Amino acid sequence: MNQPDPQPAFILVRPQMGENIGAAARAMWNFGLNQMRVVDPRDGWPNERAVALASGAGRLLDQAMLTGSVQEAVRDCTYVFATTARQRGLTKPIVTPERAMQQARAIMAEGGKVAVMFGPERAGLENEDLAQANALISVPVNPDFPSLNLAQCVLLTAYEWRRATQEIVPEVMELAKTEFATGHEIEVLGDHFEERLGDAGFFFPETKADGMRINLRNMWARLPLTRADVQILHGMLRQMVRWKERG
């Protein structure tokens with residue numbers, strides 16, 4: 001598996017269900033992460049249920065580091081984040097997943113090695129585990145229901161890593177075999193509409209006609225019309241005229 005850029009290791013501490021391990025692997029691979037470490041899994045290792053849930057991300061499980069303790073899992077790391085859903089009475093910085101992955105990127109750019117720990121499904125990380133971390137990650141969830149599924153927490157953090165390290169375009173327009181209409185094409189469409197609406201007596205009373213035409217032109221300018229849209233609108237007007245003439 002190619003590893004062109006440094007990335008954080010995701011450490012699953014004492015995971016209880018193979019399905020969650022597999023789903024976590026899939027979530028990691030969705031966002032280009034492949035450095036998984038597994039600490040003392042309850043149901044042993046390798047785990048067939050993990051493989052089944054990992055789907056196309058089974059390669060992560062094949063290459064995952066298996067350790068017997070948190071200390072061993074983080075031994076080569078220079079900065080460790082730990083996820084937690086509740087306050088633990090420890091003096092540590094608490095950051096969002098977004099902030100954590102921004103910091104991880106900066107640390108790794110300076111040559112550091114970062115890990116993120118995720119706790120077992122039932123109760124999360126113990127204080128002894130959190131003591132190994134430099135900072136805590138807390139997801140801003142509903143305080144009345146703060147518990148996140150293991151794979152969900154992995155997914156959120158992996159997503160923020162992707163956002164922190166990739167140029168993400170916030171919005172794109174998918175043009176289905178067409179392109180945006182030109183100003184001239186929209187002007188011609190406006191002329192066509194005004195002509196047909198004028199024939200139908202739409203611009204009434206005459207004292208308001210100019211303002212109504214300006215409002216129509218403004219509406220066309222606001223709409224991101226494609227050439228296909230313009231053709232459909234012209235066709236609608238032509239068909240209405242034909243229908244009227246047949247009547």
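All values derive from a computational prediction rather than experimental measurement.
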Kindly compute the distance separating CZ (Arg227) from CG (Leu175), expressed to the nearest 0.5 Å.
-> 11.5 Å
Shortest non-hydrogen contact from Leu60 to Ala25?
-> CD2-O, 3.6 Å
Supply the atom-to-atom distance Ser147 OG to Asn142 CG, rounded to the nearest 0.5 angstrom.
-> 11.5 Å
Tell me who clusters with Met212, hydrophobic residues only, linked when side chains sit under 4.5 Å apart either directly or through other members.
-> Ile186, Leu189, Phe193, Leu197, Phe202, Phe203, Leu216, Met219, Trp220, Leu223, Leu225, Val230, Ile232, Leu233, Met236, Leu237, Met240
Taking every non-hydrogen atom, the tightest pair across Val39 and Val70 = CG1-N, 3.9 Å
Residues Thr157, Met101; criterion side chain to side chain contact (heavy atoms under 4.5 Å, CB included); working and verdict | CA-CA 7 Å; Thr157 310; Met101 293 302 95; 3.9 Å; yes
Residue pairs involving residues 171-191 (criterion ring pair (Phe, Tyr, Trp, His ring centres under 6.0 Å); sequence neighbours excluded) = none
Report the distance from atom CZ of Arg213 to atom CG of Asn215, rounding to the nearest 0.5 Å.
-> 12.0 Å
Which value, rounded to the nearest 0.5 Å, describes the distance between Arg26 atom CZ and Leu61 atom CG?
-> 12.0 Å
With sequence neighbours left out, what residues match Asp43 under side-chain contact (heavy atoms from CB on, under 4.5 Å)?
-> Asn47
Considering non-hydrogen atoms only, spot the tightest contact between Pro41 and Ile21 and give its length.
-> CB-CD1, 4.4 Å
Does the Gln7 side chain pair with the main chain of Gly32, one donor and one acceptor, at a distance under 3.5 Å?
-> yes
Verify the neighbour count for atom CZ of Arg42: are there more than 12 heavy atoms of other residues, nucleotides or ligands below 6.0 Å?
-> yes
For Ala135, what residues pass the side-chain contact (heavy atoms from CB on, under 4.5 Å) criterion, not counting sequence neighbours?
-> Tyr79, Phe81, Pro93
Residues Arg242, Glu245: salt bridge by 4.0 Å N-O rule = no
Smallest separation among heavy atoms of Val95 and Ala100, with atom names = CG2-CB, 3.7 Å
Stepwise side chain to side chain contact (heavy atoms under 4.5 Å, CB included) test for Leu136 and Thr83 = CA-CA 6 Å; Leu136 306 181; Thr83 59; over 6 Å; no
Any residue meeting ring-ring contact (aromatic ring centres under 6.0 Å, His included) with Tyr159, in chain and number order, not counting sequence neighbours = Phe31
More than 12 non-hydrogen atoms from neighbouring residues, nucleotides or ligands closer than 6.0 Å to CD on Glu48, yes or no?
-> no
Counting only pairs under 3.5 Å, give me each side-chain donor-acceptor contact of residues 104-122, with atom names and distances, residues two or more places apart or in other chains.
residue: Arg105; atom: NE; partner: Ala164; partner atom: O; Å: 3.3
residue: Arg105; atom: NH1; partner: Ala164; partner atom: O; Å: 2.5
residue: Lys113; atom: NZ; partner: Asp76; partner atom: OD2; Å: 2.8
residue: Glu121; atom: OE1; partner: Gln16; partner atom: N; Å: 2.8
residue: Glu121; atom: OE2; partner: Gln16; partner atom: N; Å: 3.3
residue: Glu121; atom: OE2; partner: Met17; partner atom: N; Å: 3.1
residue: Glu121; atom: OE2; partner: Asn20; partner atom: ND2; Å: 2.9

Looking at CD1 of Ile137 and OG1 of Thr84, how far apart are the two atoms once the value is rounded to the nearest 0.5 Å?
-> 10.5 Å
Which distance, rounded to the nearest 0.5 Å, do you find between the CE of Met65 and the CZ of Arg37?
-> 4.0 Å
Contact summary for Thr67 and Ser69, nearest pair of heavy atoms = OG1-O, 3.2 Å
Salt bridge or not for Glu194 and Arg217, using N-O below 4.0 Å?
-> yes
Taking all non-hydrogen atoms of both residues, which atom of Pro97 and which atom of Ser138 are closest, and how far apart?
-> CD-O, 3.7 Å
Phe10 and side chain to side chain contact (heavy atoms under 4.5 Å, CB included): which partner among Val38, Asn34, Val154?
-> Val154
Keeping the roles fixed (side chain from Glu185, backbone from Thr182), state whether a donor-acceptor pair exists under 3.5 Å.
-> yes
